[in-house]
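Everything numeric in this text was worked out from a predicted model, so none of it was measured.
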Amino acid sequence: MSTFLKILLVIVIVGGIILAVRSHKQNSVSGTQTENSSPATTQPLSNGDSDADLQNDLNSIDTSLNAVDQSSADVDAGLNDQPIPQQ
């Protein structure tokens with residue numbers, strides 16, 4: 001077998017290994033993201049213009065913003081998470 005074919009074979013094998021490892025990492029990351037995610041529940045805003053309707057809309061918006069704030073805090077905590085040493 002010529003030297004060129006040997007080099008080409010090594011490159012193909014190394015490339016296959018890299019793709020397999022990358023695919024495995026992406027699958028494990030996407031699996032952990034879906035475990036902790038929960039759909040946000042939002043209330044539809046009203047079409048009225050009375051004080052009570054506006055107050056209900058403001059309460060709904062505040063609830064949605066609090067949910068976003070909590071999700072952001074969860075993401076920050078996940079980014080700051082330290083790996084557990086393996087033995």
Side-chain angles (χ1 to χ4, degrees):
M1 189 183 282
S2 70
T3 307
F4 175 73
L5 289 177
K6 289 179 184 178
I7 293 172
L8 184 62
L9 183 63
V10 169
I11 290 173
V12 169
I13 291 172
V14 170
I17 292 171
I18 290 172
L19 286 176
V21 169
R22 235 178 167 181
S23 175
H24 178 70
K25 284 183 180 180
Q26 287 177 349
N27 288 341
S28 65
V29 169
S30 65
T32 50
Q33 288 176 347
T34 56
E35 289 174 4
N36 296 332
S37 62
S38 61
T41 57
T42 59
Q43 298 174 349
L45 299 178
S46 65
N47 292 334
D49 58 358
S50 68
D51 287 339
D53 289 337
L54 293 175
Q55 188 60 43
N56 286 338
D57 291 345
L58 286 174
N59 290 340
S60 176
I61 291 169
D62 284 340
T63 302
S64 297
L65 289 176
N66 287 338
V68 168
D69 188 40
Q70 179 62 38
S71 295
S72 176
D74 291 342
V75 169
D76 289 342
L79 291 174
N80 294 329
D81 192 18
Q82 298 297 320
I84 298 172
Q86 300 294 321
Q87 296 179 348

Please round to the nearest 0.5 Å and tell me the distance separating atom CG of Asp57 and atom CG of Asp62.
11.0 Å
Residues which pass side-chain contact (heavy atoms from CB on, under 4.5 Å) with Leu65, listed by chain and number, not counting sequence neighbours
Ile61
Could you pull out all residues at least two apart from Ser72 that satisfy side chain to side chain donor-acceptor pair (under 3.5 Å)?
none
Between Asp51 and Gln55, is there a side-chain donor-acceptor contact under 3.5 Å, judged purely by atom types and distance?
no
Among the clusters formed by ILVMFWY side chains lying less than 4.5 Å apart, do Ile18 and Val10 turn up in the same one?
yes
Asp76 side, atom CG; Ser71 side, atom OG - distance, nearest 0.5 Å
11.0 Å
Without hydrogens or angle criteria, can the side chains of Asn66 and Thr63 be said to hold a donor-acceptor pair below 3.5 Å?
no
Could you grab the distance from atom CG of Leu8 to atom CD1 of Ile13, nearest 0.5 Å is fine?
10.0 Å
Who else is in the cluster with Ile11 when I, L, V, M, F, W and Y are joined by side-chain contacts under 4.5 Å?
Ile7
